[in-house]
Every structure is written in structure tokens, then in C-alpha cells.
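Right, one structure below, let's go through it.
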Amino acid sequence: MPKANETVLEINLSALGDNFQYIKSKTNKNTKVLGVVKAFGYGSDALEIAKELVDLGADYLAVAYVKEGVALRNAGIKTPITVLHPQPVNFETLIDRCLEPSLYSVSILNQFIAVASKKNQKKYPIHLKFNTGLNRLGFGEKDIDLIVSKISETESIIIKSVFSHLAASEDDSEKEFSKNQITLFNKITENLFGKLAYTPMKHMCNTSGILNYPEAHFDMVRTGIGLYGFGNSEKENKNLTPIATLKSVISQIHSIDKGESVGYNRAFKSETFIKTATIPIGHADGISRAYGNGNGWVLVNNQKAPIIGNVCMDMIMVNVTVLDCKEGDEVIIFGESNRGDVLAEKNNSISYELITAISQRVKREFHRK
Ligand SMILES: *Cc1c(COP(=O)(O)O)cnc(C)c1O
């Protein structure tokens, strides 16, 4: 890659391919793969990622909201797209754009059937989400008979899949809980499928579920964070490559005398002579103020430069006193060589939050190895 000359999020599509193949290699050849591209493809770029995943052979895509699915359809993506958390106000649009809803309560199911019937749909594909312990969204086991009776009264929908979501798939200390979720899901699907005239697909695993619970791969797996290069464990991180590298440049270098301060609120006051570099990226770009005051860092010519003072909206200042650098030099905020999950830990956070926070004003650039 050429050196960055402005703030840019570089996306390595070859790494996406490698991550996809690694995750696929963990599943049976008959297990379908759903690629999760919600939240702008975890902050990278939903459309470019979706296109690449389709080329790589992803069977399904998923977004959180209808609007995200519409954007993919507008760009010509034809692959089935599940909307994980659609709002009833958008059901008509969802049907118009051939997006498939995840439905999670009797009330939502009724509302969807009403809209699908009104729009004269026949066998419109839906996905039923069951709660097995996350206690976020989902039908309960007790809803099965009501679901079956609703389904038998209408021709407008067909259950394409039944799924659930693990609460702690990356936590070794919660293996028993996860296994209980899997057992309950098996019980629910056995009961429900016994009462249907056809057998929907069944799926449960997110990335860490895929890696830790092969017995729960079922008909399809849903991978998000793994595609973007994070495995939620040191062991799995070695098998995956972060696809996004956030780069910027040094705009200006300042010499700060003993007693001078740097940045807003004079949060940093220098006790000695130091040199600082100002970099055009700030909290409006997704670099939280929590990384200020020495908590976070950037790499300047492969050396760590801590952020000093408060993170501004559009800029940070870093300490480069002992580093060999000049104005115009490239800096790396996170990427393959400066892992985002390590930086995120400093903010009591996780890779997911750091990467999805990179704002849309940061230019995205795509490359292959
Ligand atoms: C976001 C999401 C996923 C992807 O999870 P990762 O941990 O990123 O692999 C899978 N399933 C559901 C229901 C989700 O909301």
C-alpha cells in the first residue's frame, strides 16, 4: 500500500477472504455460512464486504435494520438478506425489497403476517428467533403452540429458519451455560419441527460459537467479527487477520517547554521539554476521549507514541519526544500491526465497539495483498 497522506481506513479484501476460508474450514461442507454485515460491515464498508462475501460463496447476509438491507439491495446484491431486528413500521419496505425478517414475539409475528397478507404474499420467508438465555429478543418455548396455529392459518409466510443466539460463546468459564442453551435450542426445535409440515433450517452460532461449539453448527452459522479478523481469544486471533487498518499522518510537530500545556482544558502539563505530533483524527472519527491522557497510543514509524492530553473532536496530540519522525509521516492507529482489540481493552472495551465506531467521514480504501 502507498503511504497514507490523510486519515484513511484501509480494508484488506484478501484478508477478508482468508478469514472467511478459515471459518468455513471449521464447518462441514453442508453447513451454510451467513456473513454478518450490519453496522456498515462492522465499520468497514457494508457494500464492499457484502460483494466480496457473495464472491467468496456466502449463502446468506445479515443486517440489523431494514435500512441497511435496502442499501445492499439498491447496490444490486441479490443474495438472501436476513434483517435481525426489523421494526414493524418498515415491514412494507422490507417485503418490497425482498428482505427476510427475524421475528421474535407473537405480537411481531402477527404484525408481519398482517402486512404480508395485505400485500398478497405467498410463502414469504421469515426467520423465528428463540430466546435460550441471552434474554434479549426471542420467542419462548411456551410460544410454540401459538406459533404453529398462527402459521397453519396463513399461506402468506413460510418459516425458512429457526435460530437462537449464544450469550457467552467466547467465555470459557460459561461453557456449561452455553451447552445448556444448545440443549434447550435442540429441545425447542424438535418440538416445533414435529408440529410443522416442513423442516426449516436451524442455526445458533456466531463466530466464537463456530470456533468453540462444533456440535451447534447445525444447518448454518452466522459469522461477523471473525470475518473482520478478531477471534475473541489469543489462540483464534492467530488464525485471523484484522482486515481494517486505520491510518493517518502527522500534520504538525510542536516543541513544548517545561511548564507549557497541551490541548483542551490544559489536561497535560509538561514537566520537561517534549515534542508532540498533531494527528487529524479525533472523537468525531470514533477515537473515544477515553483514549486520551496516555491511555491510548498510535504507531509512528513502528514505535508507540502515547496520546497526550484530551482527545479533540478532530485531532489528537501524541508524544514523539524520543521518536524519529517528521511532519507528513504516516501513523497507524490500529490494524494488523497494532491490534484494535488490544487498544480497545485500554478503554474497557472490545474490538466490536472500536471498529464499528469509526465514523463515516473517514475515507475507506480497499486493497488486496
Ligand atoms: C451480530 C450477530 C452475529 C455475529 O456475531 P459475531 O460475534 O460478530 O460473529 C450473529 N448472530 C446475531 C443474531 C447477531 O446479532
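Positions are given from 1, in the same order as the sequence printed here. Read the numbers this way: they start at 1 and go in the same order the structure lists the ligands and their atoms.
Among the atoms of Y352, some N or O lies under 3.5 angstrom from an N or O of ligand 1. The distance criterion of under 3.5 Å between nitrogen or oxygen atoms is met by G224 with respect to ligand 1. Between N232 and ligand 1, not a single N/O pair is under 3.5 Å apart.
Near I225, meaning under 4.0 Å from one of its heavy atoms, ligand 1 places the atoms 6 (P), 7 (O), 8 (O), 9 (O). For ligand 1 and Y42, the ligand atoms under 4.0 Å from any heavy atom of the residue are 1 (C), 4 (C), 5 (O), 6 (P), 8 (O). Here is the list of ligand 1 atoms found below 4.0 Å of a heavy atom in K38: 1 (C), 2 (C), 3 (C), 14 (C), 15 (O).
Between Y104 and H165, the ring centre distance reaches or exceeds 6.0 Å.
The protein heavy atom nearest to atom 5 (O) of ligand 1 is N206 CB, 3.4 Å. Summary of contacts: the protein heavy atom closest to atom 10 (C) of ligand 1 is R222 NE, 3.5 Å. For atom 12 (C) of ligand 1, the closest non-hydrogen atom on the protein side is H165 CE1, 3.5 Å.
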How far apart are the C-alpha atoms of D18 and K369, what are their side-chain angles, what is the distance that settles it, and do they pass the salt bridge (charged side-chain N to carboxylate O under 4.0 Å, His left out) test?
CA-CA 11 Å; D18 294 344; K369 255 169 220 149; 2.3 Å; yes
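Under the 30°/60° scheme for interplanar angles, the aromatic rings of Y352 and Y42 are found to be tilted.
Hydrophobic clustering (ILVMFWY, side-chain heavy atoms < 4.5 Å, transitive): M315 and I279 are in distinct clusters.
A cation-pi arrangement is not found for K129 relative to F163, the charged atom failing to lie both closer than 6.0 Å to the ring centre and inside a 45° cone about the ring normal.
N301 contributes a side-chain N or O that, together with a main-chain N or O of D324, makes up a donor-acceptor pair within less than 3.5 Å.
Contacts between T207 and ligand 1, counted as non-hydrogen atom pairs separated by less than 4.0 Å, involve both the backbone and the side chain.
When every heavy atom of D314 is checked against every heavy atom of A284, the shortest pair comes out as OD1-CB, 4.3 Å.
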